[in-house]
Asker: 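I am attaching a structure below and will ask some questions about it afterwards.
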Amino acid sequence: MPRETKRILMTGAAGQIGSELAQALRKKHGRDNVLVTDLVRPPAALAEAGPFELLDITDRSALDGLIAKFGVDTVYHLAALLSATGEKNPQKAWDVNMNGLYNVLETSRARGLARVFSPSSIAVFGPATPRENTPQDTILDPRTMYGVTKVAGELLCDYYVRKYGLDVRGCRYPGIISHMTLPGGGTTDYAVAIYYEAVKRGRYICFLREDTRLPMMYIPDCLKCTLDLMEADFGRLNHHANFNVTAMSFTAGEIAAEIRKHIPSFECRYEPDSRQAIADSWPASIDDSTARAEWDWKPDYDLAAMTVDMLAALKKRQAAGTLGP
Ligand code: NAD
Ligand code: SER
């Protein structure tokens, strides 16, 4: 049985999701119980508000040292290279994503940790996967190195569950939209940038076609999803590290139209680049009924509610002078 007070180590904590998940975990478990780590230093609000260490996840002995020193029982493994960055340097994407995950799983196994979280992605799917309402258990034929590492990662996590009884959990996040930390080089990043540019300049040039439909989720739902999955009763889980989850699906044209309801003069042009091929290989919508059945997953935000919240948050940052040029 895991003890009540958790001692958590997070990798990739300076990133889009990690920076907010770390704050949520510190609120839930106490700031001194959450050690945030990353290759780079996160903003002071995170690095100085509790324990922080620089960590390259490909360095297993450094990871092992921190886990031992901090008395860690739970790891949230967020460090990765995402789809677009991964296509620029597939060798590095394999190294960070696969060896990083292997180091986390091996160290967790060897030190008898209670639980590990390792997110997967809609990037596990590919052109042969059913595009609409993509089922939980279906064809996985990714065309990006990022997707290849996520499929292999899901399999590796399941191996550790079966072979060693290590409690590893994860979900296939769709595109995550947030207003605190910019995303780090994915194909769904346009759905964050469009809000920033709407507030800053009133116009945006989108790198995907207007009719490109992808599954998405607002950050409060992403945090809820992660925390709920990690709290779920293990006995109810038939899946472990590969849960389909989603909150909404929209096209680039539909998000622009939603923004225009609040900023009528907002202009969006579409100039697709190499990321279009990646988007075209991914699902348009996701069936997450397995997550709903096994651990009661249910999102709160749709496109309309997210847009109200995103624009208000970004305007507040603009007024405070923290939105950048
Ligand atoms: P991000 O790119 O914003 O952050 C990743 C972090 O990992 C960065 O802070 C980076 O410095 C760090 N990192 C990179 N190489 C490292 C290394 N060698 N050692 C230690 N840290 C290293 O990514 P994110 O959006 O926060 O994604 C977090 C996780 O969620 C990833 O596993 C990603 O695949 C998954 N995911 C994200 C999305 C999304 O839309 N954001 C969607 C699906 C899945
Ligand atoms: N948002 C991620 C990306 O675009 C999906 O995993 O790479």
Side-chain angles (χ1 to χ4, degrees), residues 9-22 36-43 46-47 52-60 62-63 66 75-89 92-104 116-125 142-151 153-154 157 170-178 180-193 207-208 212 214-219 221-223 225-226 241-247 275-279 281-283 286:
L9 182 146
M10 178 183 289
T11 72
Q16 185 197 6
I17 299 173
S19 56
E20 299 210 34
L21 183 59
V36 302
T37 73
D38 200 295
L39 199 55
V40 298
R41 193 176 174 81
L46 202 56
F52 162 74
E53 296 279 350
L54 287 171
L55 172 69
D56 181 343
I57 197 58
T58 62
D59 182 346
R60 188 166 358 142
L63 172 68
L66 287 179
V75 173
Y76 285 77
H77 175 46
L78 279 297
L81 298 195
L82 276 72
S83 59
T85 309
E87 284 314 280
K88 287 186 195 141
N89 192 343
K92 189 171 174 200
W94 176 269
D95 185 30
V96 173
N97 296 4
M98 288 318 306
N99 293 326
L101 176 60
Y102 182 72
N103 289 343
V104 166
V116 174
F117 177 77
S118 172
S120 185
S121 160
I122 52 167
V124 296
F125 302 117
R143 296 300 158 94
T144 59
M145 179 55 92
Y146 173 65
V148 168
T149 65
K150 289 297 184 186
V151 173
E154 286 183 359
C157 290
C171 47
R172 293 167 176 157
Y173 289 142
I176 304 299
I177 295 158
S178 66
M180 200 173 109
T181 306
L182 283 167
T187 302
T188 57
D189 293 10
Y190 94 85
V192 177
F207 59 76
L208 298 182
T212 307
L214 289 168
M216 301 277 182
M217 185 183 287
Y218 192 31
I219 191 78
D221 277 331
C222 173
L223 302 182
C225 164
T226 308
N242 66 348
F243 283 102
N244 277 7
V245 286
T246 189
R275 288 168 281 192
Q276 185 67 50
I278 300 176
S281 74
W282 288 353
I286 297 284

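Order of listing sets the numbers, starting from 1, for every ligand and every atom in it. Side chains included, hydrogens not; waters and symmetry mates left out as well; all remaining heavy atoms used.
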Asker: Hey, what do you get for CG (Asp221) to OG1 (Thr226), rounding to the nearest 0.5 Å?
Answerer: 10.0 Å
Asker: At what distance, to the nearest 0.5 angstrom, does CD of Glu154 lie from CZ of Arg172?
Answerer: 4.0 Å
Asker: Between Glu87 and Arg275, does any side-chain N to carboxylate O distance fall below 4.0 Å?
Answerer: no
Asker: Can you name the side-chain contact (heavy atoms from CB on, under 4.5 Å) partners of Ser281, sequence neighbours left out?
Answerer: Pro127
Asker: Quick one: side chains of residues 10-21, donor-acceptor pairs under 3.5 Å with protein atoms, not counting sequence neighbours, listed by atom name and distance.
Answerer:
residue: Thr11; atom: OG1; partner: His77; partner atom: ND1; Å: 2.7
residue: Thr11; atom: OG1; partner: Leu78; partner atom: N; Å: 2.9
residue: Thr11; atom: OG1; partner: Ala79; partner atom: N; Å: 3.1
residue: Gln16; atom: NE2; partner: Ile176; partner atom: O; Å: 2.8
residue: Gln16; atom: NE2; partner: Ser178; partner atom: OG; Å: 3.0
residue: Ser19; atom: OG; partner: Gly15; partner atom: O; Å: 2.7
residue: Ser19; atom: OG; partner: Gln16; partner atom: O; Å: 3.4
residue: Ser19; atom: OG; partner: Thr181; partner atom: OG1; Å: 2.7

Asker: Just by distance, do the side chain of Asn244 and the backbone of Ile286 share a donor-acceptor pair under 3.5 Å?
Answerer: no
Asker: Would you please say whether a donor-acceptor pair under 3.5 Å links the side chains of Thr187 and Ser83?
Answerer: yes
Asker: For ligand 2, would you mind listing the residues that have at least one heavy atom less than 4.0 Å away, ordered by chain and number?
Answerer: Leu82, Ser83, Ser121, Tyr146, Gly186, Thr187, Thr188, Trp282
Asker: Can you label the angle between the Phe207 ring and the Tyr190 ring as parallel, tilted or perpendicular, going by 30° and 60°?
Answerer: perpendicular
Asker: Would a 4.5 Å heavy-atom cut-off, applied to side chains only, mark Leu63 and Leu9 as touching?
Answerer: yes
Asker: What does the 4.0 Å heavy-atom contact list look like for ligand 1?
Answerer: Gly12, Ala14, Gly15, Gln16, Ile17, Gly18, Asp38, Leu39, Val40, Leu55, Asp56, Ile57, Leu78, Ala79, Ala80, Leu82, Val96, Pro119, Ser120, Ser121, Tyr146, Lys150, Tyr173, Pro174, Gly175, Ile176, Gly184, Thr188
